[in-house]
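Here's the structure, in C-alpha cells; my notes come after.
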Amino acid sequence: MSDLLDDDLEFRGGTLQLSSENNAEEQGGSSNTLGVNISKPSILSGADSLPSNSSTSSLAEGRPQEANASAAPPEQQTVYPRYDVPFNRENIQDFFTFRKGVVESAIQECITVLLFPEDGEYLGSWLLTEITLWDNEKERIVLLTSRLVMTIKYDFIAMKQLDFKKTYLDDLDTIVIGELVYPPSSLVPRLNGIATGVTTVVKDVVIDRLCRRPSDDGDAKLFDYKERNLRGVRLMWNKGEPLPLKMAWNPFSQDVPFITFASHPIYWHKDDEVEERSTYDMEIFAQKLQRAVEAMASSSCCIHHAPIVIQSYVGVTSMLHNKTSMGFFKVRGKFSF
C-alpha cells in the first residue's frame, strides 16, 4: 500500500513539473514576441536632429502607432498631452481666431481664392503655429493638397489674405516629427523661466539643486538638449546641407529651406467636438502630410520621428515676441493687431 502511495506521489510530482514547464515556455514565447514588437529600430533625420540615443525615446513618447491604436481608449488618441498649456482661459479669448466662425470663413476664402486644379487634390486645412528660424511663433493657415503645402498669412481683423507661400511635396527630402528642443548651451529655457516668474527660476535652479539627492547622471544632464515642452513637425528641402551663415544670421531671410509647425494655442482651450479641435492640431496635419508623401510615387522624402532642434541660443527678442503673442491677431487693450 505504501508503495502505491509513493508511486502515486511521484507521478503527481511529475505532472506538476510538466505543467510548470509548459507555462514557462508559453510565457517566454509571449514575452519574446512582445519584445520584438516594441524594440523597433529608430530613424534619425540627419540635419537638425539629435543623436541616436535620443531618437528612440522620442518615438516612444509620440502618439500610439496604428498597430496599438485599437488598444488605447478613444479619448487618449485625440488629445496629446502638453506640459505647459499656452496662455490662460481669459487671455485666449482675446484672440480673434477664438471667435466662432472666424477661422472657418478665412479658410474657406483661402481655398476658393488660392487653390487651383493644378495644385492637386485638396486634403485638409488647419490653423497652426509656424515657428521661424529665430524661434518666433506666428499664426498661419495651412492648406494641404496632394501636390503642395500652402502657408498663408491672414489678417483675422480685416479678414483678408496678406501673403502666402507654396511648398511642393516633390521638393521635400526630410520630414521630422517630434519634440521641439533647444541646444544644450541655449539660454532660452532659463529666460523663459525668468519671464514666467523669478520665484520659479529660484526654485528650479537654486532650491531644487540644493535639496536634490545627487545621482550618477546628474552632471550629464547639464549637457542634454532642453525641451521646449511642445511637439512639432518640420518640413525640410535642404538635402542635409547646413544653412549658410548669411541666411542663419539674417532674421529677415525668406529663403530658409525648412518650415516648422506646432499646434495652435487655441487647441488646448477648445471644449467643442474633436472634429473642430482638429483644425488646430499639428498631429492631424502631420499624419495627413505623411500619407500624402507616401502616396507620391516620385517622392524620395524620408520621414523620421526624432527631436527637432531649434537653433536659438539667447532668444531675448523671440521671448518677448512669444510672451506678448505678437505673431497672433488679438485684442490688446484699446487696440487690436
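What you see is a predicted model; the values in this text were computed from it and never measured.
At a threshold of 4.5 Å between non-hydrogen side-chain atoms, the residues Gln290 and Lys288 do not count as touching. Between Val149 and Leu172, every side-chain heavy-atom pair lies at or beyond the 4.5 Å cut-off. Contact annotation: the side chain of Met326 approaches that of Arg332 to within less than 4.5 Å [non-hydrogen atoms, C-beta and beyond].
For Glu139 (side chain) and Phe329 (main-chain N/O), a donor-acceptor pair under 3.5 Å exists by modelled atom type. Between the Ser263 side chain and the Tyr267 main chain, no donor and acceptor come within less than 3.5 Å of each other. In this structure, Arg234 contributes its side chain and Val309 its backbone to a donor-acceptor pair below 3.5 Å. No donor-acceptor pair under 3.5 Å is formed between the side chain of Ser146 and the backbone N or O of Gly120. Although no hydrogens or angles enter the test, the distance criterion places no donor-acceptor pair under 3.5 Å between the side chain of Asp155 and the main chain of Leu162. Distance alone, capped at 3.5 Å, places no donor-acceptor pair between the His304 side chain and the Ala306 backbone.
The OG1 atom of Thr317 sits 7.0 Å away from the CH2 atom of Trp134 when rounded to the nearest 0.5 Å. Between the OG1 atom of Thr167 and the CZ atom of Phe258 there is a distance of 12.5 Å, given to the nearest 0.5 Å.
Geometric assessment of Arg277 against the ring of Tyr280 yields a negative cation-pi assignment under the 6.0 Å and 45° thresholds.
Minimum interatomic distance between Gly240 and Asp173 (heavy atoms only, all atoms of both residues): N-OD1, 4.4 Å. The shortest heavy-atom contact between Lys160 and Glu109 is CA-OE2, 4.3 Å. Closest approach of Thr279 to Ser125, counting heavy atoms only: CG2-O, 4.4 Å.
The ring of Phe156 has its center no closer than 6.0 angstrom to the ring center of Phe95. Outside the 6.0 Å centre-distance limit, the rings of Phe87 and His269 are not counted as a close aromatic pair.
Remark: Arg147 does not engage Asp170 in a salt bridge, criterion side-chain N to carboxylate O under 4.0 Å.
When the side chains of ILVMFWY residues are joined at heavy-atom separations under 4.5 Å, either directly or via intervening members, Phe116 and Leu169 end up in two distinct hydrophobic clusters.
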